[in-house]
Amino acid sequence: MQRQMLVVSDPPQGKVDQQGVAEALGLEVDDTSPKIRFAAPEVLRAGDAARAIPFAHLLRDTGLRVVVVDGDQLAQVPWPRPIASVTFGPAGLEGRFHDTDLLVRYDEPVFAVYCRPPVGYARPSTPSLAAAGSGLAVAEAIDGMTILDLYVDRPGGLERVTIADGVTDFSSLGALRRATAAENVDAVFDECRRRFAQMNVDARLDGVRPRRRFVAGEAGFDMDLRKHYSFGTLLLRHALDSISPDLKDLTHYEYGSRLACAIHSANKS
């Protein structure tokens with residue numbers, strides 16, 4: 001199987017030739033506006049390098065900011081592991097995952113992805129985290145929560161530390177604690193920005209309502225192919241499945257966090 005390369009939008013966008021974008025994407029001009037305005041990265045095309053790279057150049061010529069991401073980078077991002085507790089210790093952020101203690105030192109390079117639903121958002125029913133086990137089931141259980149993902153390069157590979165508003169115990173934060181769990185994630189985020197010397201942040205999913213993913217046969221599901229590779233379309237699901245079957249059913253925040261991490265890695269290389 002040929003390696004999939006993803007052409008991903010990299011908002012915020014500046015001045016863009018909307019007609020040129022419409023022609024490149026094969027859309028009506030009015031249908032391009034949501035893609036240009038959307039705050040978070042989205043896949044615009046998937047294919048091998050011989051197709052993806054010229055397509056990315058075509059979009060860049062219209063003024064659209066895009067990044068070419070190797071699909072393998074998306075697949076290699078670890079699944080979320082929401083920590084049970086968080087503390088700011090003298091040397092770094094201390095957490096506990098099941099029976100394992102972890103430490104993210106303040107002098108380590110950290111890439112953070114922050115996800116928060118809009119005010120008034122009501123989470124749909126999700127599986128219990130206690131019964132989730134690992135992998136996609138965990139991502140489903142926490143989708144739509146306020147989440148802070150910390151990615152750290154370690155000798156054994158990329159490590160991901162997830163702080164989630166409905167999961168992590170914030171009682172050890174003392175004066176940092178706020179009124180609600182979601183606000184406590186905000187307090188941890190603010191403190192991380194203050195303490196970590198080398199921290200890059202992607203907060204483009206702050207205020208973005210999690211979209212529904214494609215569900216085969218679901219009554220009333222929007223099958224509008226003009227959306228192409230937008231989250232929730234069958235076309236995107238097929239593209240992700242061609243990279244890895246583990247990715248085809250990603251939730252929106254999991255998809256967004258992985259894309260942000262993969263973009264960050266692509267921009268470093």
Query raised in the report: Side chain of Asp241, backbone of Lys248: donor and acceptor closer than 3.5 Å?
Result: no

Report summary line: Tightest non-hydrogen contact, residues Val152 and Pro109, listed as CG1-O, 4.0 Å

Requested in this report: Please check if Leu27 and Val66 belong to a single hydrophobic cluster, counting links between Ile, Leu, Val, Met, Phe, Trp and Tyr side chain heavy atoms closer than 4.5 Å.
Outcome: yes

Query - Flag, side chain of Gln198 to backbone of Asp107, donor-acceptor distance under 3.5 Å - result: yes

Query - Main-chain N/O of Asp169 paired with Ser85 side-chain donor or acceptor, under 3.5 Å - result: no

Requested in this report: Could you give me the CA-CA distance, side-chain angles and deciding distance for Ile263 and Arg204, then say whether side chain to side chain contact (heavy atoms under 4.5 Å, CB included) is met?
Outcome: CA-CA 12 Å; Ile263 289 173; Arg204 290 180 288 192; 4.2 Å; yes

Query raised in the report: Taking Gln4 for the side chain and Gly47 for the main chain, is one N or O donor matched with an acceptor at less than 3.5 Å?
Result: yes

Query raised in the report: Do Ile243 and Leu6 come close enough that some side-chain heavy atom pair is under 4.5 Å?
Result: yes

Query raised in the report: Which atom pair, heavy atoms only, marks the closest approach of Val7 to Ala52?
Result: CG2-O, 3.4 Å

Query raised in the report: Got a second to check how far Arg177's CZ is from Ser172's OG, nearest 0.5 Å?
Result: 9.0 Å

Report task. List the atom of Leu176, the atom of Glu191, and the distance in Å for their closest heavy-atom pair. Result -> CD2-OE1, 3.7 Å

Requested in this report: Over all heavy atoms of both residues, which pair between Glu254 and Pro80 is shortest? Give the atoms and the distance, please.
Outcome: OE1-CD, 3.4 Å

Query raised in the report: Tell me, do Val185 and Ile147 make a side-chain contact under 4.5 Å, heavy atoms counted?
Result: no

Query raised in the report: With sequence neighbours excluded, what pairs up with Tyr114 under the ring-ring contact (aromatic ring centres under 6.0 Å, His included) test?
Result: Phe189

Query - Pairwise side-chain contact, Asp48 with Arg51, heavy-atom cut-off 4.5 Å (strictly under) - result: yes

Query raised in the report: What heavy-atom pair brings Gly63 and Gln13 nearest, and what distance separates the two atoms?
Result: O-OE1, 4.2 Å

**Report entry** Interatomic spacing from CD in Glu42 to CZ in Arg211 - rounded to 0.5 Å
**Finding:** 4.5 Å

Query raised in the report: Are Leu173 and Phe196 connected, step by step, through hydrophobic side chains (Ile, Leu, Val, Met, Phe, Trp, Tyr) whose heavy atoms are closer than 4.5 Å?
Result: yes

Query raised in the report: Is there side-chain contact between Leu150 and Leu148, with at least one heavy-atom pair below 4.5 Å?
Result: yes

Requested in this report: Evaluate the criterion salt bridge (charged side-chain N to carboxylate O under 4.0 Å, His left out) for residue pair Arg123 and Asp165; output intermediate values, then yes/no.
Outcome: CA-CA 13 Å; Arg123 291 182 69 221; Asp165 69 4; over 6 Å; no

Query - Within residues 239-267 or reaching into it, pairs that qualify as ring pair (Phe, Tyr, Trp, His ring centres under 6.0 Å) - sequence neighbours excluded - result: Phe111-His264, Phe231-His252, Phe231-Tyr255

Requested in this report: Please check if Val201 and Tyr151 belong to a single hydrophobic cluster, counting links between Ile, Leu, Val, Met, Phe, Trp and Tyr side chain heavy atoms closer than 4.5 Å.
Outcome: no

Query raised in the report: Do Leu240 and Leu74 pass the side chain to side chain contact (heavy atoms under 4.5 Å, CB included) test, and can you show the C-alpha distance, the side-chain angles, and the key distance before you say yes or no?
Result: CA-CA 9 Å; Leu240 295 176; Leu74 202 66; 3.8 Å; yes

Requested in this report: Give a yes or no on whether a salt bridge exists between Arg178 and Asp190, defined as a side-chain N under 4.0 angstrom from a carboxylate O.
Outcome: yes

**Report entry** Pair Val167-Thr162, side chain to side chain contact (heavy atoms under 4.5 Å, CB included): steps then yes or no
**Finding:** CA-CA 10 Å; Val167 181; Thr162 299; over 6 Å; no

Query raised in the report: Got Glu23 and Thr32 here, is their nearest side-chain heavy-atom distance under 4.5 Å?
Result: no

Report task. Identify the residue among Leu103, Val104, Val86, Asp149 that makes a side-chain contact (heavy atoms from CB on, under 4.5 Å) with Val161. Result -> Val104

Requested in this report: Keeping the roles fixed (side chain from Thr87, backbone from Glu94), state whether a donor-acceptor pair exists under 3.5 Å.
Outcome: no

Query - Within-4.5 Å side-chain heavy-atom neighbours: Tyr229 and Leu235 - result: yes

Query raised in the report: So do Lys35 and Ser9 actually touch side chain to side chain, heavy atoms under 4.5 Å?
Result: no

Query raised in the report: Does Val29 offer a backbone N or O that forms a donor-acceptor pair with the side chain of Gln18 under 3.5 Å?
Result: yes

Report task. State yes or no: do Ile83 and Val138 share one hydrophobic cluster built from I, L, V, M, F, W and Y residues joined by side-chain heavy-atom distances below 4.5 Å, directly or via other members? Result -> no

Requested in this report: Measure the spacing between CZ of Arg194 and CE of Met199 and express it to the nearest 0.5 Å.
Outcome: 13.0 Å

Query raised in the report: Side chains of Arg195 and Tyr106: donor-acceptor distance under 3.5 Å anywhere?
Result: yes

Report task. Mind checking the CG-CG spacing from Leu25 to Leu59? Nearest 0.5 Å is all I need. Result -> 5.5 Å

Query raised in the report: Asp30: what forms a salt bridge (charged side-chain N to carboxylate O under 4.0 Å, His left out) with it, not counting sequence neighbours?
Result: none

Query raised in the report: Which atom pair, heavy atoms only, marks the closest approach of Arg237 to Asp249?
Result: NH2-OD1, 3.0 Å

**Report entry** Spacing of Asn200 atom CG and Asn267 atom CG [to the nearest 0.5 Å]
**Finding:** 10.0 Å

Query raised in the report: Would you say the side chain of Leu158 lies within less than 4.5 Å of the side chain of Arg160, judging by non-hydrogen atoms?
Result: no

Query - Flag, side chain of Thr233 to backbone of His228, donor-acceptor distance under 3.5 Å - result: yes

Query raised in the report: Does a donor on one side chain sit under 3.5 Å from an acceptor on the other, for Ser265 and Gln73?
Result: no

Query raised in the report: Got a donor-acceptor contact below 3.5 angstrom from the Arg209 side chain to the Pro118 backbone?
Result: no

Requested in this report: Would you confirm whether Glu28, through its side chain, and Ala22, through its main-chain N or O, come within 3.5 Å as a donor-acceptor pair?
Outcome: no

Report task. Using modelled atom types only, decide if a donor and an acceptor are shared between the side chain of Ser244 and the backbone of Asp246 within a distance under 3.5 Å. Result -> yes

Requested in this report: Please report the C-alpha distance between Cys192 and Phe88 in whole Å, then the side-chain angles of each, then the deciding distance to 0.1 Å, and finally whether the side chain to side chain contact (heavy atoms under 4.5 Å, CB included) criterion is met.
Outcome: CA-CA 9 Å; Cys192 284; Phe88 287 98; 4.0 Å; yes

Query raised in the report: Are Val77 and Val67 grouped together when hydrophobic residues (ILVMFWY) are joined by side-chain heavy atoms under 4.5 angstrom apart?
Result: no

Report task. Can you measure from OG1 (Thr100) to CZ (Arg81) and round to the nearest 0.5 angstrom? Result -> 7.0 Å

